[in-house]
Number of protein chains: 2
Amino acid sequence: MVRRRKVNNMLGLAVLAALAERPMHPYEMAAVLRERGKDEDMPIKWGTLYTVVRNLEKYGFITVSESVRDGSHPERTIYQITREGRVEFADWVRDLLAEPQREQPKFMAALSVWQVLGPEEAMRLLRQRLTLLDAEVADRRTTLMGYAGDLPRIFLVESEYGLAMREAEAAWIRSLLDELTTGSFPDLGAWREWYETGRLPSEVRSPTERGEQSD
Amino acid sequence: MVRRRKVNNMLGLAVLAALAERPMHPYEMAAVLRERGKDEDMPIKWGTLYTVVRNLEKYGFITVSESVRDGSHPERTIYQITREGRVEFADWVRDLLAEPQREQPKFMAALSVWQVLGPEEAMRLLRQRLTLLDAEVADRRTTLMGYAGDLPRIFLVESEYGLAMREAEAAWIRSLLDELTTGSFPDLGAWREWYETGRLPSEVRSPTERGEQSD
DNA sequence: CACCTCCTACTCGTAGACGAGTATACGTAT
DNA sequence: ATACGTATACTCGTCTACGAGTAGGAGGTG
């Protein structure tokens, strides 16, 4: 039902997950997340972490369990999850799992305006992206293999998903590039002409011109 | 090189794209975007639109071309793109195309903590997601087909990409569900036991337990 | 033993994102 | 004629996200 959550930031989910295990102070949460490599896909912003923790407390999802002065170090505030917090946590995960929530992908935004670059440059950039993507895929596949022996599968599906999506994107780009290089992509000539001369060949009408009112 | 842009919001890209065509006032930009269906993947937030326009002006990417009082209506400020704006626009598109910039996908965050739900519920939710995804895919495929006759291909790659990614996600979920239902997913029994009793069977160690310091 | 850097554990100020509100005119049903 | 919804075109205030700063101690080095 995707109802807007009190605490919306994804870091909040990570905090709840960490506290579901055992009480911790914020800095420790960050350390735990980093240790498990979660920060690769979701870098921990300090400001956000403390804001999120404060808000989770405000809404009763977590409470202060104790405030320790460790002799040295500044005072650390240790938080624990509440019953409401556990409910919210599970509920949140449920929503995220069941509802495909599209966050606007930047690449898609770029593709919606890629005509401003000429076909040659677009192809060059796509090739560059593909190279980087392939490297990422190889890298992730290796680390995944490395973990595969140590960790139960259930902790790996996340990485498997990330890998699968990257592979899918790479495959898509590959096929687009293929069309562009073999020339089987229609309107390539028109695109090039428009880009070089600034004028559209008569056989192609862009949606821009269609949409334009003559006022 | 992904240098941090003066105006980072993706709506800024849309504004530059609109103004690259012809001068407009903000409300008209929103109308144009909506007309072209761009708002589906990137809903237009009013506050953000005006903030972004103000910032683009601040950094010299756009300037006020005229301020019209149309007899009726409040005064409309019409903006036009500057030379610097065109440069920034093209440069931005270049970066977005060439550099795979991972925005943290919420689904992945959910998968990283999905063990808090039992296997049965997780499967149910994944099935639900799959149904919704399939519907989306079918829907998008239909509209894409509809446009295919009217619009040059170059304006459709964006939608094609969106479709491909959704299909890939659906396929991935399908195969995961398959493993889970046939029971070929390892540790399924351990997961269920842990979920129901709260205790881990001895043969499985979670990374939690591994990572825990005994202080 | 002075210095330097890294680690711990935050705080604070600011820029950005956004929703809800506002004000005017136009059409249209009553 | 009047009331009511709807499109236009923003403004304003709040809440969030974040980066940069801080400050003490530990631990290593020349």
Side-chain angles (χ1 to χ4, degrees), chain A residues 2-15 18 23-35 39 42-59 64-79 103-104 106 109 213 215, chain B residues 2-15 18 23-35 39 42-59 61-62 64-79 103-104 106 109 213 215:
Chain A
V2 216
R3 71 176 154 297
R4 175 163 197 75
R5 311 228 154 241
K6 308 292 185 100
V7 176
N8 234 338
N9 198 305
M10 278 300 118
L11 208 48
L13 191 76
V15 167
M24 278 184 227
H25 55 100
Y27 192 88
E28 195 182 355
M29 300 171 202
V32 166
L33 291 193
R34 207 175 300 141
E35 192 195 336
D39 61 324
M42 179 213 264
I44 295 148
K45 326 288 174 83
W46 289 114
T48 308
L49 176 62
Y50 286 89
T51 311
V52 157
V53 165
R54 209 174 308 124
N55 286 342
L56 284 173
E57 192 198 357
K58 184 167 111 191
Y59 294 113
V64 174
S65 85
E66 47 176 340
S67 203
V68 191
R69 152 144 301 121
D70 195 5
S72 65
H73 298 314
E75 189 155 20
R76 300 176 304 181
T77 312
I78 296 177
Y79 293 89
E103 44 261 39
Q104 50 114 329
K106 300 195 169 198
Q213 305 104 334
D215 71 315
Chain B
V2 215
R3 70 177 154 298
R4 174 161 197 77
R5 313 229 152 240
K6 308 294 185 100
V7 176
N8 234 338
N9 198 303
M10 279 297 119
L11 208 48
L13 191 76
V15 167
M24 279 184 226
H25 54 99
Y27 192 87
E28 195 182 354
M29 300 172 201
V32 166
L33 291 192
R34 207 175 300 140
E35 191 195 335
D39 62 324
M42 179 213 267
I44 295 148
K45 325 288 174 85
W46 290 112
T48 308
L49 176 62
Y50 285 89
T51 311
V52 157
V53 165
R54 209 175 306 124
N55 287 341
L56 284 173
E57 193 199 355
K58 186 166 108 191
Y59 294 113
F61 298 140
I62 63 179
V64 175
S65 85
E66 48 175 340
S67 202
V68 191
R69 151 140 303 121
D70 196 6
S72 66
H73 298 312
E75 188 157 21
R76 298 176 305 180
T77 310
I78 298 179
Y79 293 88
E103 42 262 40
Q104 51 114 329
K106 301 194 169 196
Q213 304 105 334
D215 71 314

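Below, chain A is the first sequence line, B the second, and so on; all start at residue 1. Predicted model, so just to flag it, every value in this text is computed and none were measured.
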Could you give the [atom1]-to-[atom2] distance, from [X] to [N], as a whole number of Å?
X: B:Met29; N: D:dC10; atom1: CE; atom2: C1'; result: 13 Å
X: B:Tyr79; N: D:dC10; atom1: OH; atom2: C1'; result: 10 Å
X: B:Trp46; N: C:dG16; atom1: CH2; atom2: C1'; result: 19 Å
X: B:Arg34; N: D:dA9; atom1: CZ; atom2: P; result: 12 Å
X: B:Glu28; N: D:dC10; atom1: CD; atom2: P; result: 10 Å
X: B:Leu11; N: C:dG19; atom1: CG; atom2: C1'; result: 15 Å
X: A:Tyr27; N: D:dG25; atom1: OH; atom2: C1'; result: 13 Å
X: A:Glu66; N: C:dA9; atom1: CD; atom2: P; result: 13 Å

For residues [X] and [Y], determine if any side-chain heavy atom of one lies less than 4.5 Å from a side-chain heavy atom of the other.
X: B:Lys6; Y: B:Asn55; value: no
X: A:Val15; Y: A:Leu49; value: yes
X: A:Glu57; Y: A:Tyr79; value: yes

Which heavy atom in A:Met24 sits nearest to a heavy atom in A:Ala18, and how many Å separate them?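 Looking at all heavy atoms of both residues, the shortest contact is CE-O, 3.4 Å.
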
Atom CE in A:Met42, atom CD1 in A:Ile44: separation rounded to 0.5 Å?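 Nearest 0.5 Å value for the CE-CD1 distance: 8.5 Å.
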
Where does the angle between the aromatic ring planes of B:Tyr59 and B:Phe61 fall among parallel (under 30°), tilted (30 to 60°) and perpendicular (over 60°)?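 Rings of B:Tyr59 and B:Phe61: tilted, as their planes differ by 30° to 60°.
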
Heavy atom of residues 49-59 of chain A under 4.0 Å from DNA chain C: which residues?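 DNA chain C contact set from residues 49-59 of chain A: A:Tyr50.
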
Side chain of A:Asn9: nearest nucleotide among D:dA17, C:dA17, D:dC10?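 Nearest nucleotide to the side chain: D:dA17.
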
